[in-house]
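Worksheet: the structure to be examined is printed underneath.
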Amino acid sequence: MQKLEVIGGKKISGTVIISGAKNATLPILASTILTNKKVIINNVPVVRDVETMAELLKTIGSSIKFNKKKKKILIHNKKSLKTFAPYNLLKTMRAGVLVLGAMLTKYRIAKVSLPGGCAIGSRPIDLHLNALKKMGAKIKIKNGYIHASAKKGLKGGIIKFPKISVGATENILIAACFAKGETKLRNCAIEPEVEDLIIFLKKIGCRIEKIGKRSINVFGIKKLKPAKHKIIFDRIETCTYIIAAALTKGNLKIKNIIPKIISTEIKLLNKMGVKVVIKKDHIIVSRPKKLKSINIVTRPYPGFPTDLQAQIMILMTKAEGVSTIQENIFENRFMHVSELRRMGAKIEIKGNKAKVFGKSKLNGAELMATDLRASVCLVLAGLIPSSKTVINRIYHLDRGYEKIEKKLSQCGAKVRRLQ
Ligand code: UD1
């Protein structure tokens, strides 16, 4: 099993180029099941989850070609696809369930494994299934699989999500594109990755209208057209590198981004004392001598993202005073804390709240990664002490961070992969 060795104490400085967002690529790839027209997708991050989704599409008969060097995917499906998504491809990647809406709306039948993914909470898919049922689908769960059918096709209507969910919004948005009539989606997730999916769907010919803040209307259509799309930048990767620079007192230029999309995060980091100069498509990060404590609550976009909670916690261990985090999205997302404590961090957990005591001295240690974002937080922690940190189970990291050791090394870090 591969490990990552980090010898800290080095400044993260220079320039880093941000990849396309994994969380935008996955639903966009799933939605290509809808179309028989040629689709070209650029700025695709070469990470394990994207490879798994590409493999899943190949398994069902898609003509997908992934040019990893050019970060480009070309799909031109000329024949019908299979409507079966097997467990072996969904067990490591929860987003695999996003093929359900596309298969069901296009082929009126689907058998999709119940998904796996990060162990950060129970992560049900009831919101996806209830919405599909409301659109006329018959759904049964048997032997770990979702068996869905809609003999006469899905139909529009009003779907008000009882809770904001990124995945459910995406799945139903895709399903609504071929549903009969108009589907009015309410209380939707408005993450930039959902926006990117909408942009892509509109490019391939779907009729989608956003009204108000969390309402989306989709008009069912039959014919699609060829399209070319560039995946939006990865906002979580961007903020991870901001934190890496701030932690190590480096000066870092972060390129290929749209700064206004991360204004909530930048404002909070500014409050902690991190300096960010904002330009049109890049930012420059530096930090003053003092880092201040802060209180953070994770919320759906435009709130502070749960996917950045573990990373900001490391910065809090270096701030003056006590900081707090309230995790509102996933119930089990403090699994990195026990590993950070092994490095010397002082963190108290009560339910969904963490109290992080600043100015702790972190020492290198052998650590175990537990999920995607927790893994990267351990890498960040490893950048601080000048002693050695070894992170086990980094397959989690490879699911979502493109070439992390190369990008960090180019900015001055001492990081290497051990076989
Ligand atoms: C997506 C992101 C993930 C991010 C999360 C929250 C992708 C591939 N993954 O995950 O990185 O951490 O959004 O921003 O884009 N829920 C239900 N029932 C459902 C669906 C969700 O109760 O049917 C709950 C979840 O348990 C969680 C909350 O809703 O408490 C939000 O989850 P959701 O937004 O659906 O997360 P994902 O789409 O899985």
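The figures that follow rest on heavy atoms only: side chains count, while hydrogens, waters and symmetry mates do not. Ligands are counted one by one from 1 in listed order, and the atoms in each one are counted from 1 as well.
The N/O atoms of P124, backbone and side chain alike, include one that comes under 3.5 Å of an N/O atom in ligand 1. Some N or O of N23 is nearer than 3.5 Å to an N or O of ligand 1, by distance alone. Note: no N/O pair closer than 3.5 Å links A95 and ligand 1 by distance alone. Annotation: G167 places an N or O atom under 3.5 Å from an N or O atom of ligand 1; distance criterion only. Taking distance alone, with nitrogen or oxygen atoms compared against 3.5 Å, A168 stays at or beyond that limit from ligand 1. Annotation: K22 places no N or O atom under 3.5 Å from an N or O atom of ligand 1; distance criterion only.
Looking at heavy atoms from C-beta onward, L114 lies out of side-chain contact with V97 at the 4.5 angstrom threshold. Looking at R186 and I211, their side chains come closer than 4.5 Å, going by heavy atoms from C-beta outward. Side chains of D196 and F233 form no contact here, defined as non-hydrogen atoms less than 4.5 Å apart. Within the 4.5 Å cutoff, side-chain heavy atoms of R333 are placed close to those of R373.
If you look at R299 next to ligand 1, there are no close heavy atoms at all, none under 4.0 Å. The proximity of E193 to ligand 1, defined as any non-hydrogen pair under 4.0 Å, does not occur for either the backbone or the side chain. Residue L127 touches ligand 1 through backbone and side chain together, judged by heavy-atom distances below 4.0 Å. The part of D307 lying near ligand 1 is the side chain, judged by heavy-atom distances below 4.0 Å. The proximity of E170 to ligand 1, defined as any non-hydrogen pair under 4.0 Å, does not occur for either the backbone or the side chain. The proximity of L129 to ligand 1, defined as any non-hydrogen pair under 4.0 Å, does not occur for either the backbone or the side chain.
Using a non-hydrogen distance threshold of 4.0 Å, Q309 does not register as a contact of ligand 1. A189 does not count as a contact of ligand 1, since none of its heavy atoms falls under 4.0 Å from the ligand.
Ionic pairing of K58 and E55 is not present here: no N-O contact between side-chain nitrogen and carboxylate oxygen is shorter than 4.0 angstrom. Between K22 and E237 there is no salt bridge, since no side-chain N of the basic residue sits under 4.0 Å from a carboxylate O of the acidic one.
Between Q309 and F334, the closest heavy-atom pair is OE1-CE2, 3.4 Å.
Of all atoms in ligand 1, listed by their number and element, those nearer than 4.0 Å to a heavy atom of R333 are 12 (O). Listed by atom number, the atoms of ligand 1 under 4.0 Å from I329 heavy atoms are 27 (C), 30 (O), 31 (C). Taking every non-hydrogen atom of H128 and a distance limit under 4.0 Å, the qualifying atoms of ligand 1 come out as 23 (O). The atoms of ligand 1 that sit less than 4.0 Å from any heavy atom of T306 are 6 (C), 12 (O), 14 (O).
The side-chain contact (heavy atoms from CB on, under 4.5 Å) test with I243 singles out one residue from T248, I12, L269, and that residue is L269. A side-chain contact (heavy atoms from CB on, under 4.5 Å) with Q311 is found for one member of I242, L380, V379 and no other, namely L380.
The nearest non-hydrogen atom to atom 39 (O) of ligand 1, considering only R94, R373, K163, comes from R94.
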| Evaluation steps, side-chain hydrogen bond (donor to acceptor under 3.5 Å, both in side chains), between T240 and Y401 | CA-CA 10 Å; T240 303; Y401 280 88; 3.1 Å; yes
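A cation-pi arrangement is absent between K203 and F200, since the terminal nitrogen or guanidinium carbon is not both under 6.0 Å from the aromatic centre and inside a 45° cone about the axis. For the pair K106 and F178, the cation-pi criterion (under 6.0 Å, within 45° of the ring axis) is not fulfilled.
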